[in-house]
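Down below is the structure, laid out as structure tokens.
Since the model is a prediction, treat every value here as computed from it, not as a measurement.
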Amino acid sequence: MTGWSRDNARRRLAQAVQPRPVRSRPGRPRKFSADAVAVLERVWGISGGSCGKYLAPAMVPLLDALETHGELVDGERNYSAEVRAQLVAMSAATIDRYLAAPKARAASSGTAATRPGTLLRNSISVRRAGDEVEADPGFFEADTVAHGGPCLEGEFARTVNLTDTLTGWVFTTSIRSNARVQLIAALDRAVTAIPFEVVGLGCEAASEFVDQDVIAWAAGRDVHFTGSRPDRMNDPAAVGSRNNHLVRRYAFDFRYEGPEAMAMLNRLWPLVNDRLNYFTPTKKPTGWVTTGTGRRRRNYDSPRTPLERLLEAGTISPAQAAELRARRAAINPAELARDIRRIQDRLAAIARRPTQDLADSLVEPIPDTVRGVRTRRTA
């Protein structure tokens, strides 16, 4: 039945009764010390939780800034010249592997409040997700994020986010509602705060942007205004990605109402903008390549911060460039992280309980007629 000989059968049965011991192979020795891993977690937290592909190229500037401001001192809290050399030598994959446990502790999701705007839809040009990025900085994509928590009824805070398509430079501010006067005031603040000229503005086909007053504002400032296709949520891709890893990540999913929450949000965003603009690298698509198997794959450039991309573009004066470099040198990334954390704690203290109470009020118990138990159903 088996095709085995008698000798082979005896040998197999003997091995099954007394299997040979498996010799254990020694594991690969750790290349990086426990001190380096401990400091890596601190630097990762200060960076805002960047992934390895972005943290690896930003490691040297971050370490330099932290040493300059006295946050990392040789011989204190596991830090030394040897630890610095190990951190600089870590690859992106190694960083992600060591940070797998800390990264697994957070996630967020929110409720979308964007509604297509039919007014003037056919009178503005449409920009699609596959369109080429402008050659010079200044074309921004804009979007709003609702802080309504589990319910979008009533008045609550909205966050307006603008992202430059070429450099990735961001400007974020919160407004009381989607009223036109609030939105236009936010756009005025953006034009004043952004350190280079705003020449274009693209947005989703949302009712708050596709409006006579907003279009008149753009025309009055000679800003080229474009919209997107109403059935394509990823057309404003540059700002769309920021809705999650900027607004939702830093302001959570609570419902924010009232002047205190508004004040805390608008204290938070300048700090977050400084972190992203001066210290957080991003990658930009440069085209398509064909792999050996015939598949088309998106090609990206090397990660660089929005400030570095802006300086490389050469569209600002030497005085402006020197001012921005001085601004970056004056920022302490660790102090920035502590300030962001304090404001986030205050926002959570303000809004966590009201948001939970609102969520509970939207859920009503109903009897289950089949099993005789009570379940919960969203109202």
Side-chain angles (χ1 to χ4, degrees), residues 39-81 83-90 95 137-138 162-164 166-173 189-190 192-198 242 246 250 266-284 301-344:
V39 177
L40 173 65
E41 290 192 21
R42 287 177 55 198
V43 175
W44 172 74
I46 291 171
S47 73
S50 299
C51 68
K53 290 184 179 180
Y54 294 149
L55 185 56
M59 186 65 72
V60 172
L62 272 174
L63 295 178
D64 289 342
L66 293 172
E67 290 176 355
T68 300
H69 292 280
E71 299 292 341
L72 291 178
V73 180
D74 193 357
E76 297 182 6
R77 299 184 63 185
N78 308 104
Y79 189 68
S80 64
V83 168
R84 177 191 169 100
Q86 293 182 34
L87 292 175
V88 173
M90 286 184 182
I95 290 174
L162 276 72
T163 302
D164 182 55
L166 180 67
T167 65
W169 192 278
V170 295
F171 173 84
T172 316
T173 187
R189 292 196 296 272
T192 303
I194 294 170
F196 51 97
E197 184 181 5
V198 178
R242 302 303 193 277
L246 193 166
Y250 284 97
N266 282 322
R267 284 179 56 190
L268 173 68
W269 297 132
L271 304 176
V272 174
N273 290 340
D274 283 347
R275 171 184 275 177
L276 297 182
N277 291 332
Y278 293 102
F279 295 103
T280 305
T282 60
K283 295 191 299 183
K284 295 293 181 180
D301 62 5
S302 58
R304 296 190 298 279
T305 64
L307 175 61
E308 292 170 342
R309 294 182 185 276
L310 178 61
L311 297 176
E312 290 173 4
T315 56
I316 59 176
S317 67
Q320 289 176 307
E323 183 179 351
L324 291 175
R325 290 192 181 97
R327 168 67 178 160
R328 178 179 59 185
I331 297 175
N332 180 356
E335 185 64 30
L336 198 66
R338 288 191 289 267
D339 291 341
I340 289 174
R341 190 63 207 170
R342 281 193 289 266
I343 295 175
Q344 287 179 320

Quick check: closest heavy atoms across [X] and [Y], and the distance to 0.1 Å?
| X | Y | answer |
| --- | --- | --- |
| Leu166 | Pro137 | CD2-N, 3.4 Å |
| Leu324 | Trp169 | CD2-CH2, 4.4 Å |
| Met90 | Ala56 | O-CB, 4.3 Å |
| Leu276 | Pro306 | O-CD, 3.3 Å |
| Pro333 | His69 | CD-CD2, 4.4 Å |
| Asp301 | Arg309 | OD2-NH1, 2.8 Å |

Point to revise | Flag, side chain of Gln344 to backbone of Tyr250, donor-acceptor distance under 3.5 Å | key: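 Side chain of Gln344 to backbone of Tyr250, a donor-acceptor pair under 3.5 Å: yes, one is there.
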
Spacing of [atom1] belonging to [X] relative to [atom2] belonging to [Y], to within rounding of 0.5 Å:
| X | Y | atom1 | atom2 | result |
| --- | --- | --- | --- | --- |
| Ile316 | Leu310 | CD1 | CG | 4.0 Å |
| Thr173 | Asn266 | OG1 | CG | 4.0 Å |
| Ile95 | Met59 | CD1 | CE | 4.0 Å |
| Ser302 | Glu308 | OG | CD | 9.0 Å |
| Leu62 | Glu71 | CG | CD | 12.0 Å |
| Trp44 | Leu55 | CH2 | CG | 10.0 Å |

Exercise for review: May I have the step-by-step check of side-chain contact (heavy atoms from CB on, under 4.5 Å) for Leu246 and Thr172, ending in yes or no?
Suggested key: CA-CA 9 Å; Leu246 193 166; Thr172 316; 3.8 Å; yes

For [X], enumerate each residue passing the side-chain hydrogen bond (donor to acceptor under 3.5 Å, both in side chains) test, keeping only those at least two apart in sequence or located in another chain.
| X | result |
| --- | --- |
| Thr167 | Asp164 |
| Asp339 | Arg342 |
| Ser317 | Gln320 |

Review point. Would one find more than 12 heavy atoms of other residues, nucleotides or ligands at under 6.0 Å from atom CZ of Arg189?
Key: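 More than 12 within 6.0 Å, yes.
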
Check your understanding: So which pairs with a foot in residues 53-64 pass salt bridge (Lys or Arg N to Asp or Glu O under 4.0 Å), sequence neighbours left out?
Key -> Asp64-Arg84

Practice item. Could you list all the salt bridge (Lys or Arg N to Asp or Glu O under 4.0 Å) pairs where at least one residue sits in residues 314-334, not counting sequence neighbours? Key: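 Non-adjacent pairs meeting salt bridge (Lys or Arg N to Asp or Glu O under 4.0 Å): Asp274-Arg327.
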
Point to revise | Pairing residues for Pro281 by the side-chain contact (heavy atoms from CB on, under 4.5 Å) criterion, not counting sequence neighbours | key: Tyr54, Pro57, Ala58, Pro303, Thr305

**Study point:** side-chain contact (heavy atoms from CB on, under 4.5 Å) evaluation trace for Thr192 with Phe171
**Key:** CA-CA 11 Å; Thr192 303; Phe171 173 84; over 6 Å; no

Point to revise | Leu66 and Val43, any side-chain heavy atoms less than 4.5 Å apart | key: yes

Check your understanding: Does the side-chain contact (heavy atoms from CB on, under 4.5 Å) test come out yes or no for Asn78 and Arg42, once each step is laid out?
Key -> CA-CA 11 Å; Asn78 308 104; Arg42 287 177 55 198; 5.9 Å; no

**Study point:** Identified side-chain contact (heavy atoms from CB on, under 4.5 Å) partner of Val170 from the options Ile194, Thr280, Asn277
**Key:**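 Exactly one option meets the side-chain contact (heavy atoms from CB on, under 4.5 Å) with Val170, and it is Asn277.
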
